[in-house]
Novice: 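Before we start, here is the structure in question, set down as structure tokens.
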There are 2 protein chains.
Amino acid sequence: MKIGELAKLSGCSIQTIRYYEKEGLISAPERTEGNFRVYNAVALEKLAFIKNCRALDLTLSEIKRLISLQHSPSTPCEAVNEMIDMHLLVVESRIEDLQNLHGDLRKLRLKCGNARSVDQCGILGELSPRPQRSSTRI
Amino acid sequence: MKIGELAKLSGCSIQTIRYYEKEGLISAPERTEGNFRVYNAVALEKLAFIKNCRALDLTLSEIKRLISLQHSPSTPCEAVNEMIDMHLLVVESRIEDLQNLHGDLRKLRLKCGNARSVDQCGILGELSPRPQRSSTRI
DNA sequence: GTTACACTCTATAGTAACTATAGAGTCAAG
DNA sequence: CTTGACTCTATAGTTACTATAGAGTGTAAC
Ligand SMILES: [Zn+2]
Ligand SMILES: [Zn+2]
Ligand SMILES: [Zn+2]
Ligand SMILES: [Zn+2]
């Protein structure tokens, strides 16, 4: 099959497939006489693997590492476990950051009601630094 | 003050300050005879405003919009409220996505114990498409 | 006066993972 | 033989910076 069909079957765009090839995530396929790429079912599996990994938000370089690990099947798989563990930590800290952000945004949202003018806006007022509203200091 | 001092006081890097100027978030300051940028306290306040907004993950173009709103102080501030509301929705959906991802990663992590070889790795097995393990079909 | 040093200037390239073109070529059908 | 769908390469754009290179500025010591 040509790249268009592979794109449809895999759910990756044509440009993404060519990009993965350029980045070394999939191997360069055979070409027709007219220089068109020709793929087989194996290519589709490789793309599916990459898609699964991307759905877990693994980076392309992590995926590359996994692929290269697959090329030495008898080595221990510890590195895979570690990668997932690291990933879990990153995701957890991102969630925490976003939850803090969410709290900040909600507090900020409460600073302004409806139908004020820009210079009276509680939100903009909160975002602006306050040089002389220092009633808390003597 | 020159850009180095502003950078220290504001917590933005020198390059970031110049970048904000190029992007139109802060106005181009006066220059010395030797072509050095010269700032005053107002510039510091503008940077503080931008920093506050960035801490809430507002994009530079959203911040630009807020700044331009501040230039017409008597218009209603509805757009500000809407921006924050939109932002809350985006953050909420990102959190949800990440929590789903977290669940997926944890489930995946359980697929592999310790000290297997790469070709026996439960994680890699799960990430790979399974062409003939179709025991669920007839 | 010159030399060392810290600072600043512009312009450019890099980051991640694509997306979107431009302009040229391929190939089958009508 | 032309139309149209497809493909090719190469390049630029996305976001919010960061990191250079190479040149110039300004001040203080010697
Ligand atoms: Zn990772
Ligand atoms: Zn308001
Ligand atoms: Zn937003
Ligand atoms: Zn494993």
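We name chains A, B, ... by the order of the sequence lines, and we start the count at 1 in each one. Since the model is a prediction, treat every value here as computed from it, not as a measurement.
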Novice: Say you draw a straight line from CG of L56(A) to CD of E62(A); how long is it, rounded to the nearest 0.5 Å?
Specialist: 10.5 Å

Novice: Among residues 10-23 of chain B, which contact DNA chain D at a heavy-atom distance under 4.0 Å?
Specialist: S13(B), Q15(B), T16(B), Y19(B), Y20(B)

Novice: Going 5' to 3' along DNA chain D, which nucleotides are the first and last within contact of chain A (any atom under 4.0 Å from a heavy atom)?
Specialist: dT7(D) to dT9(D)

Novice: List the atom of R54(A), the atom of L60(A), and the distance in Å for their closest heavy-atom pair.
Specialist: CD-CD2, 3.6 Å

Novice: Output the residues of residues 91-105 of chain A in contact with DNA chain C, where contact means a heavy atom of the residue under 4.0 Å from an atom of the strand; sort by number or write none.
Specialist: none

Novice: Which atoms form the tightest heavy-atom contact between C12(B) and L47(B), and what is the distance?
Specialist: SG-CD2, 4.2 Å

Novice: For L124(B) and L66(A), work out which heavy atoms get closest and say how close.
Specialist: CD2-CD2, 4.0 Å

Novice: Output side-chain donor-acceptor pairs under 3.5 Å for residues 15-23 of chain B, partner residues at least two apart or in another chain, one line each.
Specialist:
unit_1 : atom_1 : unit_2 : atom_2 : d
T16(B) : OG1    : S13(B) : OG     : 2.8
E21(B) : OE1    : R37(B) : NE     : 2.7

Novice: Which heavy-atom pair separates N52(B) from L127(A) by the least distance, and what is that distance?
Specialist: ND2-O, 2.8 Å

Novice: Please tabulate, one pair per line, each protein N/O and nucleotide N/O from nucleotides 25-30 of chain C that are separated by under 3.5 Å, including the distance.
Specialist:
unit_1  : atom_1 : unit_2 : atom_2 : d
dC27(C) : OP1    : G34(A) : N      : 3.2

Novice: Test of understanding: with salt bridge (charged side-chain N to carboxylate O under 4.0 Å, His left out), list the residues that count as partners of R94(B), not counting sequence neighbours.
Specialist: D57(B)

Novice: Show the atom names and distances, to 0.1 Å, of all donor-acceptor pairs under 3.5 Å that link a side chain in residues 67-74 of chain A to residues at least two apart or in another chain.
Specialist:
unit_1 : atom_1 : unit_2 : atom_2 : d
S68(A) : OG     : R65(A) : O      : 3.1
S72(A) : OG     : L69(A) : O      : 3.4

Novice: K111(A): which residues meet the salt bridge (charged side-chain N to carboxylate O under 4.0 Å, His left out) condition with it, sequence neighbours left out?
Specialist: E126(A)

Novice: Assuming nearest nucleotide by heavy-atom distance, tell me which of G4(B) and R54(A) is located more 5' along DNA chain C.
Specialist: G4(B)

Novice: Less than 4.5 Å apart, any side-chain heavy atom of M1(B) and any of V38(B)?
Specialist: no

Novice: Can you see which heavy atom on I14(A) is nearest to which on A7(A), and at what distance?
Specialist: CG1-CB, 3.7 Å

Novice: With sequence neighbours left out, write down each residue that passes side-chain hydrogen bond (donor to acceptor under 3.5 Å, both in side chains) with D104(A), or none if nothing qualifies.
Specialist: none

Novice: Using side-chain hydrogen bond (donor to acceptor under 3.5 Å, both in side chains) as the criterion, list what pairs up with S117(A), not counting sequence neighbours.
Specialist: D119(A)

Novice: Could you pull out all residues at least two apart from E92(A) that satisfy side-chain hydrogen bond (donor to acceptor under 3.5 Å, both in side chains)?
Specialist: H102(B)

Novice: Is there a side-chain contact between I3(B) and Y39(B), using heavy atoms and a 4.5 Å cut-off?
Specialist: yes

Novice: Between residues 56-65 of chain B and DNA chain D, which residues have a heavy-atom gap below 4.0 Å?
Specialist: T59(B), L60(B)

